[in-house]
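In what follows, chains carry the letters A, B, and so on, assigned in the order in which the sequence lines appear, proteins first and then strands, with residues in each chain numbered from 1.
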Amino acid sequence: MFAAATLAILVTMGLALIRAFRGPTVYDRILAVNMFGTKTVLFIAVFGFLTGRPDFLDIALAYALINFISTVAVLKFFAYGDLDNTAATPDEGEDG
Amino acid sequence: MTMIVDVLSWVCLLAGGFLGISGGIGMLRFPDFFTRLHAAGVTDTLCAGLILLGLMMQAGWGLVAVKLFFIILFLSFTSPVAAHALARAALHGGLKPLLHKAEEDPSKP
Amino acid sequence: MVTVLGLYNYWIAIFLMMTGFYVVIAHGNLVKKIVGLNIFQVSVFILYISMGKVQGGSAPILAAGVTVYSNPLPHVLILTAIVVGVATTALALALVVRINEAYGTVEEDDIHSQDEPG
Amino acid sequence: MLLSFLAITAIAVVRLRDLFGVVMLFSIFSLLSAAIFVTLDAVDVAFTEAAVGAGISTVLMLATLALTARTEPPPRHGTLLPLLVVCVTGGALVYGTLDMPRFGDPQAPIHQHVAPRYLQDSPAEIGLPNVVTSVLASYRGYDTLGEITVIFTAGAGVLMLLGAGRRRTAHRDDDKDKRGSAMKHSLVLRVVAKILIPFVLLFALYVQFHGDFGPGGGFQAGVIFAAVFVLYTLIFGLKAARAVVSPRVLHVLSALGVLLFAGVGVAGLFAGGNFLDYSVLVRHPVAGQHLGILLIELGVGVTVAAVMIMFFYLFAGRTR
């Protein structure tokens, strides 16, 4: 049963990957990366059960957090990088 | 009792896997970014939640279940927020082709 | 068939390594070169880690009831290599930023052409 | 299957000309390789790769892109010659693999020498379940010290390159206003970040001190710690983050970690053992090993976290 779930996750990862390659806009790619990250979390969690050592969920947990951080970072940098290359200040979220 | 839990967890895992694949296909087939966001939302929340719930049932009470619970919690926190930020950035980012497409898209109100 | 399956991991590692190598020598953009170097680096990581895998083994964290463990030594080497790798990548990126400030471009050819007259 | 994904991603990275997309794909690439590390039993490595590849290095690359050009012009040279070189080299390497031991073969030479000793003796000598941590911090402590020094040196190098000579400190107000209206960061993001950050910090500490028993340790915890600060900086601004941890503190901390590491080694010398020999620190050798590894991991964590945050500050602050 875990194998089936793993397979499903792998297929989804593949689909997300295709979207990331094709993605016409940057946002599509970000979305695909985000989704891919979530799928990686799931994959690691399920794989731990598949191999019978489910103690390694820390990794999945770390992924879930880091993935969020990197998505936010990507969005922020993208927004500023695109606005004006020379005046890009990635640190003005608060006092704008 | 264990039988019921087993069956339930299998159902959860399979449903999660199915939702994952369907979300992936939607991700591939939908016409523009904002509709794709919906597909990705399905896989990020419900699919992940179901699969992790299924795993939790398999794990039984213990540290593993607590960790899984935390993963669910974090995912259910972060992925909608990420999706929100993404949609917002796409709207605000002055992405002309995208906004244009979104206006043309009949499925979007 | 057994040969192909048994060597598949090496071939992928070599393929990745060559991809990274190709990016480094064929592309002029310095950022892309760094990405290429990183791909190269990951290929080495994968080579090491896949060599450390033992069939039927488990992660080298001792637990009751597990007898076969994968080799922990490559893990240690690669673990530190990854962090060192990101540190060196940061150094390289810092250099790129400074080059961009000095020359106004990150294309290798443009930098060369700017250097030639002076 | 995952390996094939990896190869395809690599090709896509090569072909894509939009550098932003390249960085995105590179992030996927490192997520994939981390997943592969999990399947190959290297949980510690996967942990590190996850935190580093998906978090820090993506962010740093993006920061560089924000400072330089975003797209790459088409290549001006012919691509044939490099391709040829690559094919020849690759062919030679493939030929070389034909003699390599098969994947997962327990008889491979790599599994014959030191590894069995580590696996068999480390429970008695060090008493930690996580062999990777034992090897990292105790058996191969010298290596780790060297690597920490490399990281510290890289931090110093980046500091020299980017820290001094800031180009323009005055920033344009009209620009700021424009940005403020367009990208004022949403309330949702801020609230969630506020809720999330304490938990992540707690998690980083857990990783730091649980590394003896499960996957984790100083390297991973340091990177996660740094990632928290990256998140904080992204959402609340560089100024706020600098108020929390000032760059000066970071400089001191990054050196302090290395010193702590080396200091533990020297303490071993004074206690009558060898450099980095923890068994002599406390009367009971195993307890001494525990203490030594804990301290060393702490040193590693502090240095890695400080250097990573410093990288981020420097790259982010460069534009001001």
Side-chain angles (χ1 to χ4, degrees), chain A residues 1-20 22-28 30-32 34-39 41-46 48-49 54-58 60-72 74-76 78-80 82-83, chain B residues 6 9-10 12-14 16-28 30 32-34 36-37 39-41 43-45 47-48 51-52 54-55 58-59 62-64 66-68 70-75 77-79 81-83 85-90 92-95 97-98 101:
Chain A
M1 199 48 54
F2 293 134
T6 314
L7 206 64
I9 293 172
L10 276 177
V11 170
T12 317
M13 277 164 107
L15 292 170
L17 209 54
I18 297 172
R19 175 45 71 197
R22 295 209 347 221
T25 67
V26 167
Y27 296 109
D28 284 305
I30 301 174
L31 186 65
N34 191 17
M35 182 168 150
F36 198 85
T38 319
K39 289 290 133 344
V41 172
L42 291 182
F43 176 77
I44 289 169
V46 179
F49 279 83
D55 327 340
F56 308 136
L57 287 167
D58 300 347
L61 203 50
Y63 269 48
L65 300 169
I66 300 281
N67 193 33
F68 173 65
I69 292 173
S70 71
T71 307
V72 173
V74 164
L75 285 173
K76 241 185 136 144
F78 174 69
Y80 291 128
D82 201 29
L83 202 73
Chain B
D6 260 6
S9 79
W10 288 350
C12 278
L13 282 174
L14 284 185
F18 170 74
L19 283 174
I21 293 181
S22 59
I25 292 172
M27 184 86 172
L28 210 57
F30 277 171
D32 83 331
F33 169 74
F34 291 99
R36 278 179 210 133
L37 201 58
T43 68
D44 272 359
T45 50
C47 154
I51 287 183
L52 291 175
L55 291 181
Q58 283 286 327
L63 188 63
V64 173
V66 173
K67 280 181 189 166
L68 281 170
F70 268 106
I71 295 178
I72 294 183
L73 200 69
F74 279 135
L75 276 184
F77 253 116
T78 55
S79 60
V81 172
L86 199 57
R88 206 183 152 88
H92 276 293
L95 210 80
L98 216 137
K101 246 193 254 168

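The shortest non-hydrogen separation linking B:G26 to B:A39 is C-CB, 3.7 Å.
Residue A:L15 holds its CG atom at 6.0 Å from OG1 of A:T12, rounded to the nearest 0.5 Å. Expressed to the nearest 0.5 Å, how far CG of B:L37 lies from CE of B:M27 amounts to 8.5 Å. Distance check: A:L61 CG to B:F74 CZ gives 5.5 Å after rounding to the nearest 0.5 Å. Between B:T45 atom OG1 and B:I72 atom CD1 the span is 11.5 Å, to the nearest 0.5 Å.
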Q: Could you check A:N67 against A:T38 for side chain to side chain contact (heavy atoms under 4.5 Å, CB included), going step by step and ending with a plain yes or no?
A: CA-CA 8 Å; A:N67 193 33; A:T38 319; 4.0 Å; yes

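Looking at A:I9, only its side chain comes within 4.5 Å of chain B, counting heavy atoms on both sides. For B:F70, the parts lying under 4.5 angstrom from a heavy atom of chain A are both the backbone and the side chain. Contacts between B:I51 and chain A at a heavy-atom distance below 4.5 Å involve the side chain alone, from C-beta outward. Contacts of A:A60 with chain B are made by both backbone and side-chain atoms, with heavy-atom separations under 4.5 Å. Contact of B:I21 with chain A is made through backbone and side chain together, with heavy-atom distances under 4.5 Å.
Chain A forms more heavy-atom pairs under 4.5 Å with one residue of B:G16, B:S9, B:G20 than with any other, namely B:G20. Highest contact tally toward chain A, considering only B:S22, B:G17, B:A48, is held by B:A48 [criterion: heavy-atom pairs under 4.5 Å]. For chain B, the option among A:V41, A:I69, A:L31 with the highest count of heavy-atom pairs below 4.5 Å is A:L31. Most heavy-atom pairs under 4.5 Å with chain A, from the set B:I25, B:L52, B:L55, B:L13: that is B:L55.
The backbone N or O of A:F68 sits nowhere less than 3.5 Å from a side-chain atom of A:N34 that would complete a donor-acceptor pair.
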